[in-house]
Amino acid sequence: MTKSDNGRDSASRDGSTRKDGSTSKVGDTGKDGGTGKDGLTLRIAQQPEADELLARSPLAALVGMLLDQQVPMEWAFTGPYSLAERMGSDDLDAGKIAAYDPDAFTSLFTTKPALHRYPGSMAQRVQQLCQYLVAEYEGDASAVWRDAGTGEELLRRLNALPGFGTQKAQIFLALLGKQFGVRPTGWRAAAGAYGEDGSRRSVADITGPESLAEVRAYKQEAKAAAKAAKAATTAKAAKTATTAKAAKGPSKG
């Protein structure tokens, strides 16, 4: 399947200003980041070699996003580099992963140090993702977004990927727009709150240690708020049940 570029605004990799007024150069300080093709520098994994792979490999970026659940973000996005090393390569290949013996592929994840908190299930999800990419995009991860004409179309494509729910799809869409220069019409709106300029909500906003700490703080606050809201709802339900029982009166024996 051959897909062409639709001519949308591309990222200027030298830090120059784009049409929307933002700049493409990323990194809190630009130091110790991983620089990939076209001079794109990322500081997501907080490890230069891992970030360099993320910057030049669309599949590595997708796999990192898939692994980003129930583990620290930098651990998740170091995973693709560690997996490539264990496969004896400097990059990930969707076709090779798709055809890998499932048990042997799981071993790549479970071998200590494990690549994830739940290495077995995540190995299966990564393989399913690659099998889908082979079936739908001839194994080319970048084809998922290369010719997407609108943000909504790109969101639908991402949401169709195995292991990508709406939230994960929106976060990755925001990452593509903010740091990779993939900006189809309406991409910020499609990404929801994660697409907001200057936000510190997700991996899309991580450009170094300082922003990583800010994103982590936001996540902790959001988790605490959700826990408090759940506790309040449970307490209210218990109070309602008690009131209803009292109004009904004692049961007749």
Side chains of [X] and [Y]: donor-acceptor distance under 3.5 Å anywhere?
X    : Y    : value
D140 : S142 : yes
S199 : K178 : yes
S211 : D205 : no

Using residues 117-129 as the side-chain source, report each donor-acceptor pair under 3.5 Å to any protein atom, sequence neighbours left out, with the distance given to one decimal.
{"unit_1": "S121", "atom_1": "OG", "unit_2": "Y118", "atom_2": "O", "d": "3.2"}
{"unit_1": "Q127", "atom_1": "NE2", "unit_2": "I97", "atom_2": "O", "d": "2.9"}
{"unit_1": "Q127", "atom_1": "NE2", "unit_2": "Y100", "atom_2": "O", "d": "2.7"}

Tell me if a side-chain donor or acceptor on [X] pairs with a main-chain N or O of [Y] at a distance below 3.5 Å.
X    : Y    : value
K168 : M65  : yes
E52  : P48  : no
R188 : G195 : yes
D51  : A45  : yes
R201 : Y194 : no
S107 : D103 : yes
Q179 : T41  : no
Q170 : L155 : no
H116 : Q70  : no

Provide the closest heavy-atom pair for [X] versus [Y] in the form atom of the first, atom of the second, distance.
X    : Y    : value
M87  : L108 : CG-CD1, 3.6 Å
R56  : D90  : NH2-O, 2.5 Å
A169 : L158 : O-CD1, 3.5 Å
L173 : G151 : CD1-O, 3.5 Å
N159 : T166 : OD1-N, 3.3 Å
P80  : L67  : CD-CD1, 4.3 Å

Exercise. First locate atom CZ of F105, then atom NZ of K96, and finally report the distance between them rounded to the nearest 0.5 Å.
Key: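 The NZ atom of K96 is 10.5 Å from CZ of F105, to the nearest 0.5 Å.
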
Quiz prompt | Spatial distance of atom CH2 (W145) from atom CG (L154) [nearest 0.5 Å] | solution =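 Reported to 0.5 Å precision, the distance equals 8.5 Å.
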
Self-check item: Aromatic plane relationship, F172 with F164 - under 30° parallel, 30 to 60° tilted, over 60° perpendicular
Solution: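 Aromatic pair F164/F172 classed perpendicular.
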
Quiz item: So, do S202 and Q167 sit near enough that their side-chain heavy atoms are less than 4.5 Å apart?
Solution: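 No - every pair of side-chain heavy atoms lies 4.5 Å or more apart.
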
Quiz item: Between E214, E221, E210, which is the residue that forms a salt bridge (charged side-chain N to carboxylate O under 4.0 Å, His left out) with R200?
Solution: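 Option passing the salt bridge (charged side-chain N to carboxylate O under 4.0 Å, His left out) with R200: E214.
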
